[in-house]
Structures are given as C-alpha cells and as structure tokens.
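Worksheet for the structure shown next.
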Amino acid sequence: MKSAPTNIAWSLLVIGAIALFLAFNSFVVINPGQAGVLSILGKAQDGTLLEGIHLKPPFVSQVDIYDVTVQKFEVPAQSSTKDLQYLSASFAINFRLDPMRIVEIRRKQGTLANIVSKVIAPQTQEAFKIAAARRTAEESITQREELRQDFDIALSQRLEKYGIVLLDTSVVDVKFSDEFAHAVEDKQIAEQQAQRAVYIAQQAQQEAQAEINRAKGKAEAQRLLAETLKSAGGQLVLQKEAIEAWREGGAQMPRVLVMGKDAGSVPFLFNLGEPDAESATEPMSSKGAR
C-alpha cells in the first residue's frame with residue numbers, strides 16, 4: 001500500500017525533471033553584441049536572432065552565435081608597384097559582421113575563422129594589389145595616406161558583398177626590396193651632399209661679397225681721408241702713409257724733424273716717444289732740405 005504513493009512521487013519527479021530539461025532546451029538567450037542563427041535538423045532558418053530570449057525546438061535544433069562587435073585582425077599583403085618594385089605591407093583591419101546578414105554568412109562562410117581565412121585575407125591581398133599598382137614605389141612612401149585610402153575603398157567594396165562592414169584600416173608596416181631600399185638611401189645621401197655643396201657655395205659667395213664690401217669701404221675711407229688731408233696740404237698724405245708703413249713693419253721711428261725747402265711747407269715731426277735721460281739733454285737735430 002505504501003509503494004503506490006512512492007511510485008507516484010518518483011514519477012512526478014521524473015516528469016518534472018524532463019519538463020525542466022525541455023524548458024531549458026526550448027529557448028536561447030542572445031546577449032548584446034551578438035546575433036544568432038537557428039538551425040533545425042542542420043538547416044539554417046531565415047531570420048537573425050537578435051539580443052533577447054528566443055524559443056527553439058528542443059533536441060532537433062541548435063543556435064550558432066556570432067560576435068557582431070568590432071573585430072580586429074592584422075593581415076599581410078604583397079604586391080608590385082607601378083614601376084614593378086616589390087612592395088609588402090601589413091594592415092590592421094577593423095571590421096564587424098552585418099547582423100542582418102548573419103544567416104547568409106552562416107550559410108556561405110560558416111565560422112569567424114573561415115571568414116578571416118577565406119574572405120578577409122584574400123580580399124585584402126587583391127585590394128592591396130589595386131592600390132599599389134596606381135603609384136610608383138617612391139610615391140608609395142611619399143603618398144602613404146593616399147595609398148591607404150585607395151586600399152580602404154577597394155577592400156570595403158569587396159567585403160561588402162560578403163556581409164562584412166569595413167570600419168577602418170591602418171598600415172602597420174611597409175617594406176620594399178633590398179635593392180630599392182639601398183637606392184633610396186643612396187639618393188638621400190646624394191641630396192644631402194648636394195644641399196651641403198649649395199650651402200658651401202652660398203657661404204663662399206657671401207664671404208667674397210663681404211671682402212668686396214670691406215675693400216670698397218676701405219677705399220672710400222682712404223679717398224675721403226686723402227681729400228681731407230689735401231685741403232690742409234698734399235704732403236700730409238705721404239707723411240701719414242709713411243708713418244703707417246713704419247708701424248706695420250716694426251721699424252724704429254727716426255727721431256728727426258724734416259723741414260721742407262718751401263716756406264709754406266708743413267714741418268714733418270715724427271713721434272719721438274718717451275726720451276731717455278741721456279737724450280733728454282741733447283738738442284733736437286734739424287736738417288734743411290737741399
């Protein structure tokens with residue numbers, strides 16, 4: 001008699017457990033930044049499961065959840081420039097999956113790893129070839145931002161077909177062949193040497209002009225001095241030049257007073273300096289011109 005209630009209790013417990021199990025397997029929660037694809041018996045159903053609670057058939061269905069926030073991957077690429085120089089680069093690509101096209105992505109591409117390896121990487125390579133072929137290797141250096149913009153446009157158009165939204169790209173690294181790198185280095189050295197040669201030539205020209213200006217100034221000063229002295233007597237010019245010659249040559253000045261034979265001439269008195277005690281008592285000699 002006691003076994004009947006016990007059996008009923010166990011039966012209710014089993015039924016409750018089954019009901020609870022079915023309840024947990026009959027809905028799915030999609031968190032913010034996610035999108036889901038419902039598959040029943042392996043077939044993806046139309047309609048993206050956005051954030052919230054969604055019902056699903058238990059046992060025969062599953063939900064694939066995709067991250068639709070910003071994703072970042074670094075992808076390498078190689079190409080040839082317009083002048084047939086080898087060029088390689090590495091791009092940091094920021095993208096996200098279009099939530100409204102998640103079902104299409106699930107059917108055609110599968111997982112996120114497949115999307116990166118089968119879509120983003122090869123399309124990055126093709127977009128880089130398009131951008132690099134529009135300019136020479138030297139222009140790829142001087143027009144790096146324009147190169148990135150051309151790459152963005154080409155890659156964005158290609159990824160859009162797969163439900164991938166390109167947000168931004170950045171050039172992580174750009175490399176050229178060793179031959180081109182050496183050629184660029186040699187060119188920079190040659191330009192620096194040419195600039196230095198121009199600077200030296202300009203400096204020499206300025207120094208030469210300065211010498212010319214100093215010579216002109218000295219000549220003008222001598223002319224003005226000669227005119228000034230001439231007004232007081234022409235012989236003063238020769239006397240001044242004689243004094244300067246003795247000073248520059250280091251010769252000792254003669255202690256004489258030269259008088260001209262003309263009555264109106266100006267006497268030529270040398271600077272005798274400080275006489276010593278012996279010579280101080282001697283009379284100053286004078287000589288008349290014959």
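Because only heavy atoms are used, hydrogens play no part in the values below, and waters and symmetry mates are left out as well, while side chains stay in. The chain is numbered in sequence order, starting from 1.
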Do Q71 and L112 come within less than 4.5 Å of each other through their side chains, counting heavy atoms only?
-> yes

Roughly how far apart are I65 CD1 and I30 CD1, rounded to 0.5 Å?
-> 4.0 Å

Residues, nucleotides or ligands: over 12 heavy atoms within 6.0 Å of E146 CD = yes

Would you mind reporting whether V37 and L49 have side-chain heavy atoms less than 4.5 Å apart?
-> no

Spell out, yes or no, whether V165 and Y66 are grouped together once hydrophobic residues are joined by side-chain heavy atoms under 4.5 Å, including indirect joins.
-> no

Scan side-chain atoms only and decide if E74 and S90 contain a donor-acceptor pair under the 3.5 Å cut-off.
-> yes

Taking the inter-plane angle between the rings of F91 and F151 on a 0 to 90° scale, is it parallel (under 30°), tilted (30 to 60°) or perpendicular (over 60°)?
-> parallel

Where do S117 and P122 come nearest, in terms of heavy atoms and distance?
-> O-CD, 3.4 Å

V171 side chain reached by R144 side chain, heavy atoms, under 4.5 Å = yes

Flag the pair R135 and D150 as a salt bridge only when some basic side-chain nitrogen lies within less than 4.0 angstrom of an acidic carboxylate oxygen.
-> yes

What are the two closest non-hydrogen atoms of I40 and P57, and how far apart are they?
-> CD1-CG, 3.8 Å

Result for side chain to side chain contact (heavy atoms under 4.5 Å, CB included) between F95 and one of L155, V70, I164 points to I164

Side-chain donor or acceptor of Q45 paired with backbone N/O of K43 under 3.5 Å | yes

Can you tell me if CD on Q205 sees more than 12 non-hydrogen neighbours from other groups inside 6.0 Å?
-> no

Under a 4.0 Å N-O cut-off, is there an ion pair linking D46 with R107?
-> yes

Has K56 got more than 12 heavy atoms of other residues, nucleotides or ligands less than 6.0 Å from its NZ?
-> yes

How many angstroms lie between CD1 in I105 and CE in M100, if you round to the nearest 0.5 Å?
-> 11.5 Å

So, for L97 and D67, which heavy atoms are closest and what is the spacing to 0.1 Å?
-> CD1-O, 4.1 Å

Heavy-atom pair of closest approach, residues L38 and S61 = CD1-CB, 3.9 Å

Within a strict 4.5 Å, meaning less than it, do heavy atoms of the I115 and T111 side chains meet?
-> no

Within one Ile-Leu-Val-Met-Phe-Trp-Tyr cluster: L159 and I130, side-chain cutoff 4.5 Å | no

Validation row: S39, V63 side chains within 4.5 angstrom (heavy atoms) | no

Determine, step by step, whether I53 and V28 satisfy the side chain to side chain contact (heavy atoms under 4.5 Å, CB included) criterion, reporting the C-alpha distance in whole Å, the side-chain angles of both residues, the deciding distance to 0.1 Å, and the verdict.
-> CA-CA 6 Å; I53 299 176; V28 63; over 6 Å; no

When every non-hydrogen atom of S156 is compared with those of L166, the smallest separation belongs to N-CD2, 3.7 Å

Can you measure from NZ (K72) to CG (L167) and round to the nearest 0.5 angstrom?
-> 12.5 Å

Might you point out which heavy atoms bring S79 and K129 nearest each other, and give the distance in Å?
-> OG-CA, 3.4 Å

For R101 and Y162, run side chain to side chain contact (heavy atoms under 4.5 Å, CB included): C-alpha distance rounded to whole Å, both residues' side-chain angles, the deciding distance at 0.1 Å, then the answer.
-> CA-CA 9 Å; R101 299 179 64 181; Y162 298 93; 6.0 Å; no

Pick from K161, K108, Q109, R158: which one makes a side chain to side chain contact (heavy atoms under 4.5 Å, CB included) with V119?
-> Q109

Taking E160 for the side chain and Q157 for the main chain, is one N or O donor matched with an acceptor at less than 3.5 Å?
-> no

Within a strict 4.5 Å, meaning less than it, do heavy atoms of the Q78 and Y86 side chains meet?
-> yes

Got I102 and V68 here, is their nearest side-chain heavy-atom distance under 4.5 Å?
-> yes

Roughly how far, to the nearest 0.5 Å, is CD1 of I93 from OG1 of T169?
-> 7.0 Å

Side-chain contact test, heavy atoms from C-beta onward, threshold under 4.5 Å: evaluate it for Q85 versus T136 and give yes or no.
-> no

Check step by step if side chain to side chain contact (heavy atoms under 4.5 Å, CB included) holds for T124 and E126.
-> CA-CA 6 Å; T124 297; E126 294 301 318; over 6 Å; no

